[in-house]
Undergrad: 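I am attaching a structure below and will ask some questions about it afterwards.
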2 protein chains.
Amino acid sequence: MKDAPKGKIKIVKAFRELLNDKNFNSITTAETAKTAGVTEGLIYKYFKDKRALLYEVLREHYEKFLIQIEKDLLGIEGASKKLKTIITSSLQSYANHRVFARIVMLEARNSEDYFDSSAYKLVQRYNQIILEIIEEGKANGEIREDIDSSYIRHAIFGSIEHACLKGAIFEQTLSSFAISENIYRILFEGITQGTSNNYNFD
Amino acid sequence: MKDAPKGKIKIVKAFRELLNDKNFNSITTAETAKTAGVTEGLIYKYFKDKRALLYEVLREHYEKFLIQIEKDLLGIEGASKKLKTIITSSLQSYANHRVFARIVMLEARNSEDYFDSSAYKLVQRYNQIILEIIEEGKANGEIREDIDSSYIRHAIFGSIEHACLKGAIFEQTLSSFAISENIYRILFEGITQGTSNNYNFD
DNA sequence: ATTAAAGGTAAGTATCACTTACTTAAGTAT
DNA sequence: ATACTTAAGTAAGTGATACTTACCTTTAAT
């Protein structure tokens, strides 16, 4: 993979910078080209459309994020501790890069072709890592086996994202420690009071 | 509140219908006007912009939804059972009205003025109802008190939404029963194996 | 009957994502 | 070196679209 042409790099860089201050829809291609110091047409030499440019920015972010996560997981033993690390790291990432929190939660998903993008490929890899941790936990008795693993994953990321959503939109500071502690308690121990929580609600 | 002018009603109806088949961005104002049998200009007599029209459709949906939820909650005793009802009803609503699932999760939130809309006012009322149920549960010993109520709410809706997301985007059928059962187990009982789940992970 | 407001229309306009047709630079094989 | 091919980059559109403006028409209260 030889390095990308200067123009392409400048375009991605410009778009990434613009995303700091405004949302996807309000960034124009003209503006992007001007910031990059190239002509508008060049954008379409390298990207199918404006969204593909967004996906590229997102992909680069996920690439760094995955490297970080894999580093964070090194040396951690046991599914529960690993999942706790995942929760904390994901929250920290959202807190430190609110632009990407916004992109992930609000801008990327609402087009079907995001799910064909190479950014989403990385998301899938991340999902796979988590599923394997959950399976590991089931195998060694840490995690209950009567819940479908994919729902556990949904609960983890759903909780994280919902807790970060308004912060990402209104650019408020997120206290990743408090959020992660609360989410962790809920998901691991349940919200029911007391040790014997086999109460039947049917 | 006297009844809205015919034109306004037709516009909202047309837009609601169009949302069944295409997403917000790909519906044009011209198309909306034509479907409604009015001119484009009339849309802007009643709505500040295209988004305001989306919020109106959403508001009408939430109004019906809230009535339904309040009916579902009637006669149900105890916070846990009430929350379970909330989970089931919300999931059923997403499963039966995937258009609205999509609007809520993907189309409405990514503009700040959604949070000033009267649709969002209803969401806030719904949130309030849930917070009160959680507080009730804490008061009568059903729900642990060492978790901030708002995070419990985040976990509930985050889990629901994340589990429905891809279904809403790709219009797959959602099995609301299976999802609700899984979410319910996770949130109420926790994912940790065994009754004594006071394992310390620090 | 008069008048003011509300309901509704017709014809724009500016903006924007994307195209097309072209030029220039960089490789590469002969 | 020369001829040729491909990639990088430009300039000038174009059609579509959200929204505006200026106008006409109906309704209903005084």
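Within every chain, numbering begins at 1; the chains are lettered A, B, ... in the order of the sequence lines, protein sequences first and strands thereafter.
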Undergrad: Can a side-chain donor-acceptor contact be found between B:R153 and B:N127 if the only test is distance below 3.5 angstrom?
TA: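 A donor-acceptor contact under 3.5 Å links the two side chains.
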
Undergrad: Rounded off to whole Å, could you give me the CD1-to-C1' distance for the A:I9 and D:dA8 pair?
TA: 13 Å

Undergrad: Report yes or no: do A:D72 and A:S89 form a side-chain donor-acceptor pair below 3.5 Å?
TA: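 Checked: A:D72/A:S89 side chains pair up, N/O donor to acceptor below 3.5 Å.
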
Undergrad: Using atom NZ of B:K8 as one end and atom P of C:dA6 as the other, report the distance to the nearest whole Å.
TA: 13 Å

Undergrad: Between A:N23 (CG) and C:dC16 (P), how many Å, whole number?
TA: 13 Å

Undergrad: Is A:K121 positioned over the aromatic face of A:Y126, cation under 6.0 angstrom from the ring centre and no more than 45 degrees off axis?
TA: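 No, A:K121 and A:Y126 do not form such a contact.
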
Undergrad: Given the ring of A:Y151, does B:R185 sit roughly above its face, with NZ or CZ under 6.0 Å from the centre of the six-membered ring and within 45° of the axis?
TA: no

Undergrad: Going 5' to 3' through nucleotides 14-25 of chain D, assign each nucleotide B (protein heavy atom under 4.0 Å from a base atom), S (under 4.0 Å only from sugar-phosphate atoms) or - (no protein heavy atom that close).
TA: ---SBBB-----

Undergrad: Starting at atom NZ of B:K6, determine the distance to atom P of C:dT9, rounded to an integer number of angstrom.
TA: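 So the two atoms are 11 Å apart, to the nearest Å.
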
Undergrad: When all nucleic acid strands are considered with a 4.0 Å heavy-atom cut-off, which category describes A:F47: base, sugar-phosphate, or nothing?
TA: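 It contacts nothing in the nucleic acid.
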
Undergrad: Between C:dG8 and B:Y46, is there an OP1 or OP2 to side-chain N/O distance shorter than 4.0 Å?
TA: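 Affirmative; the distance criterion is met.
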
Undergrad: Do B:E135 and B:S149 meet the criterion of a side-chain donor-acceptor pair at a distance under 3.5 Å?
TA: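 Yes.
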
Undergrad: Just name whichever nucleotide pairs with D:dG9, Watson-Crick or G-U, keeping both distances under 3.5 Å, else none.
TA: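 Across all strands, the one nucleotide that pairs with D:dG9 is C:dC22.
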
Undergrad: For the pair made of CD1 in B:I11 and P in C:dG7, what is the distance, rounded to whole Å?
TA: 11 Å

Undergrad: With no hydrogens and no angle check, do the side chains of B:Y94 and B:R98 hold a donor and an acceptor under 3.5 Å apart?
TA: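 There is no such pair between these side chains.
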
